[in-house]
Amino acid sequence: MSTSYVLIVFAIVIVLMIVLISKCKVNAAFGILIAAFILAIALGTPWEEIESTINSGFSSTIKSVAIVIFLGCTMGTVLEKTGAAIRITKWAINLVGEKHIIWAIALSSAILGIPIWADTVVILLIPIVSMLAVQTKKSMMSYGTVLYLGALVTASLVPPTPGPVSAAALLNVPLGQAILWGALVSIPSVIAATFYCMTLKTPVSPKEEFLKSAAEHETMELPSLTKSLLPIVFPLILIFINTAASVVVPGTSIANFCAFIGSPLAALFTGCILSLLLTGKEWKSKKVLNDWVDEGITAAAMPIIVTGMGGALATFVKNAGVAEKIAELVVQSSFPPILIPIIMAAIIHVVTGSNSLGVMTSAALMEPMLATLGISPVAAFLACGTGALMFKHANSSGFWVTVSMSNMDVNQGIRAVGGASTVAGAVGAALTCLLVALHVI
């Protein structure tokens, strides 16, 4: 089978997958599965091996992330339901002062984007942000956009949000390293996006319904800041302790114990237990222990299935040597290898509208290429996460949630959300390329 035939087939299958998902509105999981079937047949995979290869690729991919994604989604559900998100936002406002409200919105949004979907962060906080826009006489074009962008950046780069958790697993990046590097790249990306949002001064007033809702929130009994932050911060501390112990005292009983408590599963399970503190006397109720967990399972199902399908597709790519052939062509040219995952993630995101799909699918496709391209797993992880931020526009649910709830029209939304997301992605991608050039990652 010639190299040109393999590359042409691969290109056609990837384009078909993107068209099915974006234009035909086929569910992402089905779109990737169809692509995997077509690629397997076109590359001459024996008929009797296709099913077992798909099952093997699926199961080997999700075995290390399925429970982690479920726990992360469940913890996020509790933070949503208990008012913890509003408490963290009010703390951020008090921290930076009323003259710098936009930075408070960015800070609280970025923190909440770690365990909660970016769309949900907007839905949760749009009432209080609408009230702040009136109080400070600022445009919702600015405030609404920064509310979304802070969460969007960390949801693309910092586990335990499903996208980066899946990408880290697909690329074999330890979760502690993924969190550390993802957070480091997220900071300048959020800062750059916030500065961009400060230039958006076209007058856009908030919706009256959200101002009324904000007034109701003023009388809502909120949990303490410590209880609100504990489920987010404590699991991260456990993961970092594990990473430190593996370096400082490797192979000891202390390191072995830290390896357990700092494992992604144990750390996030601890976060879920700590989140029960937010529920007060209701922690034993069916609503908390069953209904909210059901919602977490529902939220986790899609990213788990899509991640597994991505792994199945990547298995055929790896078995056929497609990745090696593409990587060899890149190496032989003068094209910087680190740009490949950035461009791949950006294309998938721009066409499908899903940054999570951009992160996960590009990570699955990049994993077989890493050795030949000479890119480290951490560099690929950051490249996929930053590339998947580029140009959020009208085919994205997050775009419409932000634009409609912020009272913007489509043109304003393209300029605001599309522009800010591109700035955030470009800054993160540039920093990733710099870290690679300096041989830091």
Side-chain angles (χ1 to χ4, degrees), residues 6-7 9-11 13-15 17-18 21 28 31-32 35-36 39 57-58 60-62 64-65 156-157 159 162-175 177-178 181-182 185 303 306-333 335-352 354-390 425 428-429 431-433 435-437 441:
V6 171
L7 295 179
V9 167
F10 174 73
V13 169
I14 296 303
V15 170
M17 178 189 74
I18 293 174
I21 295 171
I32 298 173
L39 186 63
F58 182 93
S60 63
T61 302
I62 69 167
S64 60
V65 299
S156 291
L157 285 163
V165 165
S166 301
L170 289 163
L171 294 166
N172 299 309
V173 178
L175 205 60
Q177 291 185 31
W181 287 109
V185 172
V306 170
T307 300
M309 292 302 180
L313 178 63
T315 299
F316 290 112
V317 172
K318 186 183 299 184
N319 290 348
V322 176
E324 289 81 358
K325 290 179 173 63
I326 294 174
E328 286 169 4
L329 290 176
V330 174
V331 171
Q332 291 169 7
S333 69
F335 197 77
I338 189 60
L339 294 181
I340 298 297
I342 294 172
I343 294 171
M344 190 179 296
I347 291 173
I348 294 172
H349 167 249
V350 170
V351 175
T352 66
S354 170
N355 67 301
S356 294
L357 188 61
V359 175
M360 292 186 286
T361 307
S362 58
L365 295 174
M366 281 305 302
E367 191 276 330
M369 304 184 197
L370 296 184
T372 308
L373 289 175
I375 302 174
S376 72
V378 171
F381 169 79
L382 295 176
C384 292
T386 55
L389 287 170
M390 304 285 191
L431 179 56
T432 299
C433 292
L435 292 171
V436 170
I441 56 176

Are Thr61 and Thr315 close enough, and set up right, to give a side-chain contact (heavy atoms from CB on, under 4.5 Å), and what steps lead you there? CA-CA 10 Å; Thr61 302; Thr315 299; 5.8 Å; no
Non-hydrogen atoms of Val165 and Val65 that approach each other most closely: O-CG1, 3.8 Å
Minimal heavy-atom distance between Ala380 and Leu171, with the atoms involved, is C-CD1, 3.9 Å
Using every non-hydrogen atom in the two residues, find where Thr307 and Ser166 come nearest and quote the distance to one decimal. OG1-OG, 2.7 Å
Mind running side-chain contact (heavy atoms from CB on, under 4.5 Å) on Leu313 and Leu365 for me, showing each step along the way? CA-CA 8 Å; Leu313 178 63; Leu365 295 174; 4.2 Å; yes
Passes side-chain contact (heavy atoms from CB on, under 4.5 Å), Trp181 versus Val173? Steps please. CA-CA 11 Å; Trp181 287 109; Val173 178; over 6 Å; no
Would you please name every residue forming a side-chain hydrogen bond (donor to acceptor under 3.5 Å, both in side chains) with Ser156, sequence neighbours left out? Asn355
If you round to the nearest 0.5 Å, how far is OG1 of Thr352 from CD1 of Ile21? 6.5 Å
What is the minimum heavy-atom distance between Cys384 and Met366, and which atoms define it? SG-CG, 4.4 Å
In this structure, CG of Asn319 is separated from CG of Leu39 (nearest 0.5 Å) by 10.0 Å
Closest non-hydrogen contact found for Thr432 with Ala379 is CG2-O, 3.9 Å
Contacts of type side-chain hydrogen bond (donor to acceptor under 3.5 Å, both in side chains), residue Ser362, not counting sequence neighbours: none
Kindly state each residue pair satisfying salt bridge (Lys or Arg N to Asp or Glu O under 4.0 Å) with at least one member in residues 366-389, sequence neighbours excluded. Lys318-Glu367
Given side-chain contact (heavy atoms from CB on, under 4.5 Å), test Ile343 with Phe335 step by step and report yes or no. CA-CA 12 Å; Ile343 294 171; Phe335 197 77; 3.6 Å; yes
Identify the two heavy atoms, one from Met390 and one from Ala346, that lie closest to each other, and give their separation to 0.1 Å. CG-CB, 3.9 Å
